[in-house]
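Below you'll find the structure, written out as structure tokens, and then a few comments.
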Amino acid sequence: MAELEKTYHPENVETRRYEEWEASGAFKPTGNDNADAFTIVIPPPNVTGSLHMGHALNNTLQDILTRYHRMRGAAALWQTGTDHAGIATQMVVERMLEAEGAKRTDLGRDKFVERVWEWKEHSGGTITAQLRRLGASCDWSRERFTMDEGLSKAVLKVFVDLYKQGLIYRDKRLVNWDPKLLTAISDLEVEQREIRGKMWYFKYPIDGQDGQFITVGTTRPETMLGDTGVAVHPDDERYQGLIGQFVVLPIVGRRIPIFADAYADPEKGSGAVKITPGHDFNDFEVGKRAGLDIINIFDANAHLNENAPEKYQGMERFKAREVVLAEMEELGLLDRVEDNDMTVPHGDRSGVVIEPWLMDQWFVDAATLAKPAIEAVESGKTKFVPKNWENTYFEWMRNIQPWCVSRQLWWGHQIPAWFGPDGAVFVELSEEEAQAAAKAHYGKDVALTRDPDVLDTWFSSALWPFSTLGWPDKTPELAKHYPTDVLITGFDIIFFWVARMMMMGLHFMGEVPFHKVYIHALVRDEKGQKMSKSKGNVMDPLDLVEKFGADALRFTLTASAAQGRDVKMSESRVEGYRNFCTKIWNAARFCDMNECRPVGGFDPAAVNSTLNRWIVCKTADVEAAMRGALEAYRFNGAAGALYSFTWNTFCDWYLEFAKPVFSGSDEAAKAETRATAAWVLDQIVILLHPIMPFITEELWQTRGNRAGPLITTRWPEYGAGLANAAANQEMDWVVRLISQVRAVRAEMNVPPAAKIPLLLKDAGEGARAALETHKDLIVRLARLDSAELLAGTMPQGAVQDVLDEATLILPIAGAIDLGAEKSRLEKEIAKQDAEITRFEKKLGNDKFVANAPEDVVETEREKLADAQAVRAKLKDALRRLTAAA
RNA sequence: GGGCGGUUAGCUCAGCUGGGAGAGCGUCUGGUUUACACCCAGAAGGUCGGGGGUUCGAUUCCCUCACCGCCCACCA
């Protein structure tokens with residue numbers, strides 16, 4: 001056994017252990033061919049990205065589940081890869097070109113895309129290296145990229161199939177146009193920002209009635225150049241006489257109708273509203289109803305185009321606003337100005353104001369695809385954890401809009417659509433097939449032009465759970481690992497990603513892509529602020545890894561990951577869990593020093609001493625707690641149970657009690673305690689491994705001759721031992737432990753209720769020496785009267801078990817208020833009475849027995865029997881207590 | 001306008017099915033005893049946001065108010 005250093009140094013361990021794991025193929029799901037599959041697909045990080053705290057949390061949780069299920073014997077696959085991140089990546093490379101004094105358009109499409117690939121090869125691996133540093137045990141041999149050959153094939157097939165099924169179509173409608181990035185974006189990529197703006201009221205002269213005006217309000221004066229009508233509410237008394245008349249649009253001189261439409265709200269503004277169908281989503285609908293002209297006044301850069309009066313042509317939109325206002329004022333047509341709080345759409349990548357712009361784009365019929373995806377969650381085929389996110393999902397899915405999937409970018413999957421000379425479109429898997437289709441259509445070969453647009457990045461992400469497993473080919477991986485077990489992600493991409501994977505998975509695979517969706521919260525700084533570069537409060541997970549080790553960071557994130565709560569990170573907490581690593585390390589050192597070595601064939605159920613029986617029982621408890629917590633996705637619960645068991649139960653109590661045994665002369669007790677201590681430490685190492693893989697692997701391998709590394713050690717063999725250990729424990733250990741405590745006290749001349757300072761003052765020489773030697777333990781013993789024991793150190797659910805033994809414990813401990821105990825017992829009995837009545841009533845209800853599922857009824861019967869048994873025990877205890885008193 | 005979440009010790013937060021008010025950090029006291037000062041022992045500190053209800057019993061369930069945060073929609 002190698003001698004352990006005094007403190008644990010993660011920097012000497014983590015990278016080395018990780019490389020060993022990866023090189024040995026430990027991350028591949030090949031451990032057990034007959035095993036059940038356990039599958040997680042990673043939310044593919046942007047290839048341009050670097051690891052932030054959200055990634056660290058997200059991937060730690062995935063790794064915990066993967067390692068946990070792998071150790072439990074599953075063929076665990078954590079499918080990894082990265083996303084091509086269309087706009088983000090294109091922007092990065094464009095900025096690089098700018099620095100070289102070049103422009104994307106100078107290079108041309110092919111050369112540019114080549115540059116992006118080059119960039120990806122050189123710099124795209126940052127995030128995957130960082131994930132390794134964190135300890136992520138994903139199967140790198142299966143790493144995919146959304147633009148690699150296989151995934152691109154999947155994208156093409158999905159697009160073509162959906163097109164031929166009528167679920168993708170080309171349409172001319174208003175889209176969100178980003179005038180900086182020069183592309184359309186989807187509704188989700190539009191971010192509404194609060195702006196303190198103004199409302200300007202314009203007077204529009206009525207045609208043919210000098211001096212008569214109708215006043216309209218607007219927050220965007222420049223759009224008046226594209227007005228083609230003025231709407232008033234059909235019932236609005238004020239304007240009845242004007243309906244059907246015309247106004248002469250100032251500056252432009254266009255004659256446009258005043259018409260009735262319920263869209264105009266008499267309560268708002270002047271009650272009359274200018275209609276600009278070309279540049280406002282609502283106005284577009286109103287204009288369509290009223291048959292208004294649609295005039296587009298902007299070019300792609302949101303500068304005024306040839307449809308605007310000459311002096312405005314080429315003018316930038318906000319400049320045009322000023323000029324319009326000045327001109328209107330000069331004309332005496334600016335009625336008034338008011339402050340107006342409003343939200344203005346901005347591009348989430350570019351940050352500029354989004355312009356509604358009329359153009360041809362490709363759309364996915366999301367409403368049709370959403371139906372089965374809604375049903376799957378309604379029926380529980382896919383469940384969200386925490387469940388309340390299902391509301392968010394339903395809300396969005398039930399009101400889903402067509403998804404604009406075409407982007408005017410160069411980096412991405414180019415849309416497989418070709419146009420003929422007359423604009424007819426041919427959507428096929430390849431140019432050859434498109435040519436063939438065109439020939440069939442035209443009766444001759446024609447020149448085709450491919451649509452230059454690419455697909456929204458999220459289009460390929462939507463296929464991730466099956467495309468990464470080989471689809472459209474029928475691979476063994478696809479058969480074994482789809483549907484995946486659980487998706488772990490943040491709430492911010494429920495719409496972008498989760499919902500779309502549900503739609504695509506159900507449509508193309510006929511099954512949900514995952515059975516569970518675990519939604520974790522955002523990682524914030526310690527004050528609860530969202531981390532952002534501009535606030536300067538960003539914590540780099542890699543800095544924390546450097547400083548405290550990956551295990552400490554992982555444990556911190558895990559312990560903070562309470563359901564439905566934001567995770568607040570603070571360095572002091574990471575430091576605390578670094579200390580926890582040291583604590584474990586030193587417990588192992590202590591065990592080594594005392595020759596506690598793993599004993600082959602050790603049977604935890606066969607130990608004899610009270611101390612050892614107790615710790616074995618507690619170990620079984622913590623294993624059950626950890627397993628239960630993980631299976632309910634209560635990561636913090638698992639971390640908390642292991643933390644307090646390791647530190648408080650094992651180190652503070654068990655090892656302290658073990659010291660007198662080790663220094664004593666009872667060789668048999670010594671041997672058993674050594675073996676037990678070694679076994680418990682092994683259990684701690686095993687149980688902690690999913691959360692803290694590095695230190696546990698290091699301890700596992702340095703603390704004895706092992707058949708293999710911990711990561712590939714299978715858990716069930718240990719789990720069986722634990723179940724056995726728990727089952728064979730007698731429940732009188734509390735009493736026996738108290739007896740032992742009393743014996744130790746007696747040996748040391750320590751009166752049970754003594755206070756330490758008093759003892760020090762009054763103790764005789766022998767006692768003083770004992771006190772000096774064993775002070776910490778004695779302080780603990782002094783604290784450990786039966787009340788403490790009752791409250792703190794019992795196995796779970798033990799209140800009632802101990803009450804059963806109350807009459808035995810009470811006289812021994814002698815420190816308990818008998819009256820209080822009596823009333824407590826009486827209360828417990830009353831509670832059981834109530835329970836019994838409730839169950840009896842329920843089981844006496846014929847309708848319930850007849851209609852409820854059998855197992856439910858059976859459970860109720862069991863509960864009744866339990867309650868009756870507990871009540872009998874309580875009664876007995878009460879009787880004995882009364883007798884004793 | 002619709003929806004979701006939060007309000008527990010000085011700070012950051014746990015508290016799963018109603019019965020003990022908790023952890024870490026910080027503060028104070030005492031300790032370097034051969035696992036650990038990244039430690040040990042001990043202490044102080046909370047009317048679990050306000051009010052009402054259900055219950056033998058509410059931090060926990062229901063209603064309501066206040067404040068904070070987030071998401072969606074709308075915005076002439």
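- On the P atoms, B:C38 is 11 Å away from B:G26, given to the nearest whole Å.
- In this model, the phosphate group of B:A35 is not approached by any side-chain N or O of A:Trp647 to a distance below 4.0 Å at OP1 or OP2.
- Within residues 545-553 of chain A, no residue has any heavy atom under 4.0 Å from RNA chain B.
- When atom types are taken as modelled, the side chain of A:Asn586 and the backbone of A:Arg589 share no donor-acceptor pair closer than 3.5 angstrom.
- Using a 4.0 Å heavy-atom criterion, one finds that A:Ser270 contacts no nucleic acid atom at all.
- Between A:Met397 atom CE and B:C72 atom P there is a gap of 16 Å when expressed in whole angstrom units.
- Salt bridge status for A:Glu338 with A:Arg336: present, with a side-chain N to carboxylate O gap under 4.0 Å.
- For B:U12 and B:U7, the P atoms lie 12 Å apart once the distance is rounded to whole Å.
- Put simply, A:Lys659 has no side-chain N or O that comes within less than 4.0 Å of OP1 or OP2 on B:U33.
- B:A14 sits 10 Å from B:G24 when the C1' atoms are compared, rounded to a whole Å.
- The backbone N or O of A:Phe662 lies less than 3.5 Å from no partner atom in the side chain of A:Arg674, so there is not a single donor-acceptor pair.
- Under the side-chain hydrogen bond (donor to acceptor under 3.5 Å, both in side chains) criterion, A:Ser186 pairs with A:Glu189, not counting sequence neighbours.
- For A:Lys516, the side chain to side chain contact (heavy atoms under 4.5 Å, CB included) partners at least two apart in sequence or on another chain are A:Lys383, A:Val385, A:Val486, A:Tyr633.
- Picking from B:A35, B:C38, B:C72 the nucleotide with the shortest atom distance to the side chain of A:Asn579 gives B:C38.
- In this structure A:Glu222 satisfies the side-chain hydrogen bond (donor to acceptor under 3.5 Å, both in side chains) test together with A:Arg220, A:Arg321, sequence neighbours excluded.
- Base engagement by A:Ala264 is indicated by at least one non-hydrogen atom pair under 4.0 Å involving a base atom.
- A donor and an acceptor atom sit less than 3.5 Å apart, one in the side chain of A:Arg634 and one in the base of B:C16.
- If you take CD of A:Glu395 and C1' of B:C72, they are 7 Å apart, rounded to a whole angstrom.
- Spacing between atom CG of A:Asn391 and atom C1' of B:C71 amounts to 12 Å, rounded to whole angstrom units.
- Identified under the side chain to side chain donor-acceptor pair (under 3.5 Å) test for residues 548-557 of chain A, with sequence neighbours left out: A:Asp63-A:Arg554.
- In this model, a donor atom of one side chain and an acceptor atom of the other lie less than 3.5 Å apart for A:Thr276 and A:Asp227.
- In terms of polar N and O atoms assigned as donor or acceptor, the side chain of A:Thr582 comes within less than 3.5 Å of the base of B:C38 in a complementary pairing.
- The same atom, P, is picked in B:C71 and in B:G18; the two are 33 Å apart, to the nearest Å.
- The side chain of A:Lys268 approaches B:C74 more closely than any other nucleotide in the set B:C74, B:C25, B:C71.
- Side-chain atoms of A:His346 come within 3.5 Å of backbone N or O of A:Val344 as a donor-acceptor pair.
- Heavy atoms of A:Ala629 sit nowhere under 4.0 angstrom from any nucleic acid atom.
- When the P atom of B:C74 is taken as reference, atom CG of A:Asn399 falls 11 Å away, rounded to whole Å.
- Between the side chain of A:Arg578 and the base of B:C38, a donor-acceptor pair under 3.5 Å is found.
- Stems are defined here as 3 or more consecutive Watson-Crick or G-U wobble pairs with pairing distances under 3.5 Å; those involving RNA chain B are B:1-7 with B:66-72, B:10-13 with B:22-25, B:27-31 with B:39-43, B:49-53 with B:61-65.
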Exercise for the section: Let me see the working for A:Phe259 and A:Tyr239 under ring-ring contact (aromatic ring centres under 6.0 Å, His included), right down to the final yes or no. Expected result: CA-CA 10 Å; A:Phe259 63 99; A:Tyr239 300 113; over 10 Å; no
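- The backbone N or O of A:Glu11 lies less than 3.5 Å from no partner atom in the side chain of A:His9, so there is not a single donor-acceptor pair.
- Using a 4.0 Å heavy-atom distance criterion, A:Thr392 is classed as making no nucleic acid contact.
- One P atom belongs to B:A58, the other to B:G53, and the distance between them is 11 Å to the nearest Å.
- Remark: A:Asn636 is in phosphate contact with B:G15, judged by side-chain N or O atoms under 4.0 Å from OP1 or OP2.
- Of the candidates B:G24, B:C4, B:C74, B:C4 carries the atom nearest the A:Asn388 side chain, counting heavy atoms from C-beta on.
- As judged by a 4.0 angstrom heavy-atom cut-off over every strand, A:Gln192 is placed among the base-contacting residues.
- With B:A41, B:C71, B:G24 as the candidates, the nucleotide lying closest to the side chain of A:Phe495 is B:C71.
- Of the possible polar contacts, one joining the A:Asn594 side chain to the A:Phe590 backbone as a donor-acceptor pair under 3.5 Å is found.
- Rounded to whole Å, atom C1' of B:C39 lies 6 Å from atom NZ of A:Lys583.
- A:Asp265 comes within 4.0 angstrom of a base, heavy atoms only.
- Between the C1' atom of B:C71 and the CG atom of A:Asp187 lies a distance of 15 Å, rounded to the nearest Å.
- Look at the P atom in both B:U59 and B:A21: the space between them is 10 Å, to the nearest Å.
- The same atom, P, is picked in B:G46 and in B:C11; the two are 13 Å apart, to the nearest Å.
- Atom name P, nucleotides B:G49 and B:G15: the rounded distance is 15 Å, in whole Å.
- Heavy atoms of A:Cys581 sit nowhere under 4.0 angstrom from any nucleic acid atom.
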